[in-house]
Amino acid sequence: MTTISDPPQESFRPSMLLSDTRYRSITFQVIALALLLTAIWYLGSNLAANLRAAGLNISFQFLGNPAGYDINQTLIPYTSQSTNLQAAWVGIINTLLVSFLACITATIFGVIAGVLRLSNNWLVRKLMAGYVEIFRNIPVLIWILIIYTIMTAAMPAPSAFRGDDPASSMMLGSFAFTNRGVYIPGPVMGPGSFIVVATFVASVIGVFAYRRYATKLLYDTGRLLPMLWPSVAILLVPTIVMFFILGMPIGLDYPALKGFNFQGGIQIGAPLIALWFALSIYTGAFIAENVRAGIQAVSRGQTEAAAALGLRSGRIMNLVVLPQALRVIIPPLISNYLNITKNSSLAILVGYADITATLGGITLNQTGRAIECVVLLMLFYLVISLGISMVMNVYNNATKLKER
């Protein structure tokens, strides 16, 4: 009886690394990786040799030396005798502050303009189209200069608020708009204020939990719960009740003109406002186009079907169109947020002390540590960009269509 057996396996030979398709791709990848590592090693060793020949050495000890310069806007304690590392932290926090504020307001501007670009009203539609075309086709650097110039030239000086018959007066007796910035009342925390703040944070979480429950109930059973008033009640009532129970532990410090400037309250400097508003309106124009494209990607038949069921236009947009449009809107929105963070490095133009102005500007010039400062700057922007991408990608995955 004849038996059929598998053919004998061919033994491995080195020539198979190039001739056999099973190994060829791996061979080429290994060769490419080796060449890349060799190039990196050569460039690194060449840089180290040149630095030694020039008498330079890589050291970060300068971060512990006194900075020797003042910063006009700080969110953490800082003086001219603080270390260069502390000055860098001030710049990092200022960068994160303006980037966060610009991302929020740019999203608001973009969503509103994107929705209105599809309005049935001809005038509104054309106005939003003009906003998009004008603001996104002029460099953000120009908008920063324009807004800062308008603020410093058109706004009154603090001296205009002095006297029995001043040329300018505070709005509602609490807000002062000057060419140096905007002064608003600031909170004064007393005993028990932490409990009030914790209650407010818990209320915010409660609002999201309620809205998520209401949306799930609507999708599962078709029962529509009210959204607005319950959300407002959950947000405000517990905080207000706790505020009065604890004896109003949080007060307000109102700005007042003392000497040559306002004292007290919170000062939002003109450089911050100019940079914040310019980044917002500039990037908002790009987000508006993303929103418009996302809405138009949703089939018109779904809008008509929802209208046939008796849903109002606002409900159709919130419950039918926007949830599906998010899968188109979010991917380019990630790039817009990254652009806001990187464009904030233009802050030095108007004197806003971001990380580029502190570590990459004054500290670099005073210490002469150009390589170290630039490396730290690159590392900071890399970490922030990767962090934003990670968070937004997680949200993007959560908004994907899920099959039953």
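Just so you know, these numbers come straight off a predicted model, no measurement behind them.
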Closest heavy-atom contact between [X] and [Y]?
X      : Y      : result
Ala102 : Ile340 : CB-CG2, 3.7 Å
Ser344 : Leu275 : O-CD2, 4.1 Å
Tyr78  : Ala67  : OH-CB, 3.4 Å
Ala297 : Val328 : CB-CG2, 4.0 Å
Ala129 : Arg117 : CB-NH2, 3.6 Å
Thr363 : Cys373 : CG2-SG, 4.4 Å

Donor-acceptor pair, [X] side chain versus [Y] backbone, under 3.5 Å?
X      : Y      : value
Ser193 : Gly190 : yes
Asn365 : Gly361 : yes
Ser45  : Tyr42  : yes
Glu289 : Ala285 : no
Asp253 : Pro187 : no

Q: Quick one: do Leu63 and Thr83 satisfy side chain to side chain contact (heavy atoms under 4.5 Å, CB included)? Show the steps, please.
A: CA-CA 6 Å; Leu63 293 175; Thr83 62; over 6 Å; no

Do [X] and [Y] come within less than 4.5 Å of each other through their side chains, counting heavy atoms only?
X      : Y      : answer
Val98  : Leu272 : yes
Ile334 : Tyr395 : no
Met317 : Ile295 : yes
Arg292 : Met128 : no
Phe175 : Met170 : no
Val207 : Arg211 : yes
Pro271 : Tyr148 : yes
Thr105 : Leu101 : no

Q: Would you check, one step at a time, whether the test side chain to side chain contact (heavy atoms under 4.5 Å, CB included) holds for Ser99 with Thr95?
A: CA-CA 6 Å; Ser99 300; Thr95 299; 4.1 Å; yes

Inter-residue atom distance [X].[atom1] - [Y].[atom2], 0.5 Å rounding:
X      : Y      : atom1 : atom2 : result
Arg180 : Asn72  : CZ    : CG    : 12.0 Å
Leu333 : Asn290 : CG    : CG    : 7.0 Å
Leu96  : Asp354 : CG    : CG    : 10.5 Å
Tyr352 : Trp276 : OH    : CH2   : 10.5 Å
Asn94  : Gln73  : CG    : CD    : 6.0 Å
Asn336 : Ile330 : CG    : CD1   : 12.5 Å

Q: Fit a plane to each ring of Phe277 and Phe109, take the angle between them on a 0 to 90° scale, and name the class: parallel (under 30°), tilted (30 to 60°) or perpendicular (over 60°).
A: perpendicular

Q: Could you verify whether a donor N or O on one side chain and an acceptor N or O on the other, from Asn339 and Tyr282, lie under 3.5 Å apart?
A: no

Q | Pair Thr107-Tyr337, side-chain donor/acceptor within less than 3.5 Å | A | yes

Q: Please lay out, stage by stage, how Ile384 and Lys342 fare under the test side chain to side chain contact (heavy atoms under 4.5 Å, CB included).
A: CA-CA 9 Å; Ile384 293 300; Lys342 289 179 284 189; over 6 Å; no

Would you say [atom1] of [X] has more than 12 non-hydrogen atoms from neighbouring residues, nucleotides or ligands within 6.0 angstrom?
X      : atom1 : result
Phe200 : CZ    : no
Phe100 : CZ    : no
Trp143 : CH2   : yes
Met189 : CE    : yes
Asn120 : CG    : no

Q: Decide yes or no on side chain to side chain contact (heavy atoms under 4.5 Å, CB included) for Tyr210 and Leu235, but give the supporting numbers first.
A: CA-CA 11 Å; Tyr210 171 77; Leu235 180 65; over 6 Å; no

